[in-house]
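Worksheet for the structure shown next.
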Amino acid sequence: MSAKNDGPDDGATPSKSEQTRALILETAMRLFQERGYDKTTMRAIAKEAGVSVGNAYYYFEGKEHLIQGFYDRIAAEHQVAVREILDRETDLEARLAGVLRAWLDIAAPYHEFAVQFFKNAADPDSPLSPFSPESEHAREEAISVHREVLAGATKTKVAEELRGILPELMWLSQMGLVLYWIFDRTEGRERSYRLAERGARLTARGVSLARFRVLRPLVREVHELFTDFLPGMTRAIPDPAARRTES
């Protein structure tokens, strides 16, 4: 992330700098929704926010970094939203379903905006791609949620050799849900919520079956398949072959 972030000092009232950064981000999100991502310029964002163009560029180096600010905000809000479900549930399916529902709840106000800039985010070479180096912070935050989902599922036994790759596969499953959600036109994105429930059930069953030694190579093969062939994935998640070479 290259966007300037002063960060909260003591959890009290945001500083003027933090308020300005938030104002620029909120203004950009509104203009992206109203005018579209491609037609919105940094100059227009600065004018609407009542700041100089130079000030806007101080906090965000460009439009792409504003989207990264949006990604980070969604990730941070999701981290907070999942606390209740993760503190209460120990069943893997219930934990994962709750995490996915929480993401859909948080993302709901931004649906039309996501539809608009999806063509940019779908390009694996774009900094807006969830697999890009620029998206690393938000991506790691999301994967860390799935690590916690797995770690707190006390009734599910997970082989030590799979603990490192299962959260990454669970995050990839969530990305599939996000893609479906972008194109979901049902009332209240009802089908996306149904997909989250059924996806959580299928994932929980898959993780449970992975406890059998004979199936573990299949899980590793699926992970390597994504690593080797999914556009952008090689840059996002270290190549398992490289890990073996290093060790």
Side-chain angles (χ1 to χ4, degrees), residues 25-26 28-40 63-79 81-82 85 93 96-132 134-143 145-146 149 167-206 222-223 225-227 229-237:
L25 181 58
E26 292 293 340
M29 294 302 106
R30 176 170 58 81
L31 292 183
F32 289 157
Q33 287 180 297
E34 293 174 357
R35 306 178 184 180
Y37 176 78
D38 291 333
K39 294 182 180 179
T40 302
K63 290 196 299 182
E64 296 88 351
H65 297 289
L66 280 159
I67 298 299
Q68 298 305 326
F70 168 70
Y71 286 168
D72 285 343
R73 184 172 68 181
I74 289 289
E77 290 179 5
H78 191 220
Q79 288 270 4
V82 300
I85 188 75
E93 181 182 336
L96 183 54
V99 162
L100 296 178
R101 285 196 304 268
W103 190 91
L104 291 171
D105 289 343
I106 290 169
Y110 307 105
H111 184 264
E112 292 308 312
F113 164 60
V115 171
Q116 289 181 24
F117 83 85
F118 170 71
K119 66 178 183 297
N120 300 91
D123 179 356
D125 293 322
S126 168
L128 304 187
S129 167
F131 303 110
S132 71
E134 291 85 352
S135 300
E136 180 178 6
H137 181 265
R139 184 172 59 247
E140 282 301 317
E141 286 290 292
I143 294 175
V145 170
H146 289 289
V149 167
E168 294 172 350
L169 290 174
M170 291 160 68
W171 172 73
L172 281 171
S173 177
Q174 180 181 329
M175 288 299 97
L177 172 64
V178 171
L179 178 61
Y180 185 86
W181 169 80
I182 287 173
F183 294 102
D184 186 2
R185 295 298 179 180
T186 56
E187 185 71 25
R189 317 304 162 205
E190 180 265 343
R191 288 183 67 86
S192 292
Y193 281 93
R194 285 169 53 195
L195 178 60
E197 296 289 339
R198 294 180 66 175
R201 187 179 311 127
L202 183 61
T203 299
R205 289 177 181 174
V222 170
H223 181 263
L225 179 68
F226 283 120
T227 301
F229 293 102
L230 188 66
M233 195 64 180
T234 303
R235 294 189 295 274
I237 297 175

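Side chains are part of it too, since the values below use all heavy atoms of this structure and drop only hydrogens, waters and symmetry mates.
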Inset, instruction - Could you tell me whether the side chain of E141 and the main chain of Q79 form a donor-acceptor pair under 3.5 Å? - result: no

Inset, instruction - Under the salt bridge (Lys or Arg N to Asp or Glu O under 4.0 Å) rule, collect the residues that match up with E64, sequence neighbours excluded. - result: none

Inset, instruction - Grab the two heavy atoms, one from V82 and one from A102, that are nearest each other, plus how far apart they are. - result: CG1-CB, 4.1 Å

Legend entry - Nearest-0.5 Å distance that lies between atom CG in L104 and atom CD in Q174: 8.5 Å

Legend entry - Shortest non-hydrogen contact from P130 toward M175: CB-SD, 4.1 Å

Inset, instruction - Please indicate whether R198 has more than 12 foreign heavy atoms, meaning atoms of other residues, nucleotides or ligands, lying under 6.0 Å from its CZ. - result: no

Legend entry - CD on E140 to CD on E168, rounded to 0.5 Å: 7.5 Å

Inset, instruction - Considering non-hydrogen atoms only, spot the tightest contact between D184 and R191 and give its length. - result: OD2-N, 3.7 Å

Legend entry - Euclidean distance, Y37 OH relative to I67 CD1, rounded to 0.5 Å: 5.5 Å

Legend entry - Whether over 12 other heavy atoms sit under 6.0 Å from E112 CD: yes

Legend entry - Results of salt bridge (Lys or Arg N to Asp or Glu O under 4.0 Å) for R194 - residues two or more places apart only: E190

Inset, instruction - Return the minimal non-hydrogen interatomic distance between S132 and P127, and the atom names on each side. - result: OG-O, 2.9 Å

Inset, instruction - Determine yes or no for a side-chain-to-main-chain donor-acceptor pair under 3.5 angstrom, with H78 supplying the side chain and V99 the backbone. - result: yes

Inset, instruction - Kindly write out the residues that satisfy salt bridge (Lys or Arg N to Asp or Glu O under 4.0 Å) with R30, not counting sequence neighbours, or none if the list is empty. - result: E34, E48

Legend entry - Approximate separation, where rounding is to 0.5 Å, of L128 CG and L66 CG: 10.5 Å

Inset, instruction - Would you confirm whether the ring centroid of W171 sits within less than 6.0 angstrom of the ring centroid of F131? - result: yes

Inset, instruction - Identify the heavy atoms of F70 and M29 that sit nearest to each other, and give their distance. - result: CD1-SD, 3.6 Å

Legend entry - OG-CD1 distance between S192 and I182, expressed to the nearest 0.5 angstrom: 10.0 Å

Legend entry - H146 vs L96 side-chain heavy atoms within contact, under 4.5 Å: yes

Legend entry - Interatomic spacing from OH in Y71 to NE2 in H137 - rounded to 0.5 Å: 15.0 Å

Legend entry - Carboxylate-amine/guanidinium contact E197 R101, below 4.0 Å: yes

Legend entry - Close side-chain approach of R73 and E26, heavy atoms under 4.5 Å: yes

Inset, instruction - Quick one: closest heavy-atom pair of L31 and T40, and the distance? - result: O-OG1, 3.3 Å

Inset, instruction - Kindly indicate whether the side chain of V115, heavy atoms from C-beta on, has any atom under 4.5 Å from the side chain of R185. - result: yes

Legend entry - Candidate pair E136 and Q68, rule side-chain contact (heavy atoms from CB on, under 4.5 Å), full reasoning: CA-CA 9 Å; E136 180 178 6; Q68 298 305 326; over 6 Å; no

Inset, instruction - Would you indicate whether the side-chain heavy atoms of L177 and W103 approach each other to under 4.5 Å? - result: no

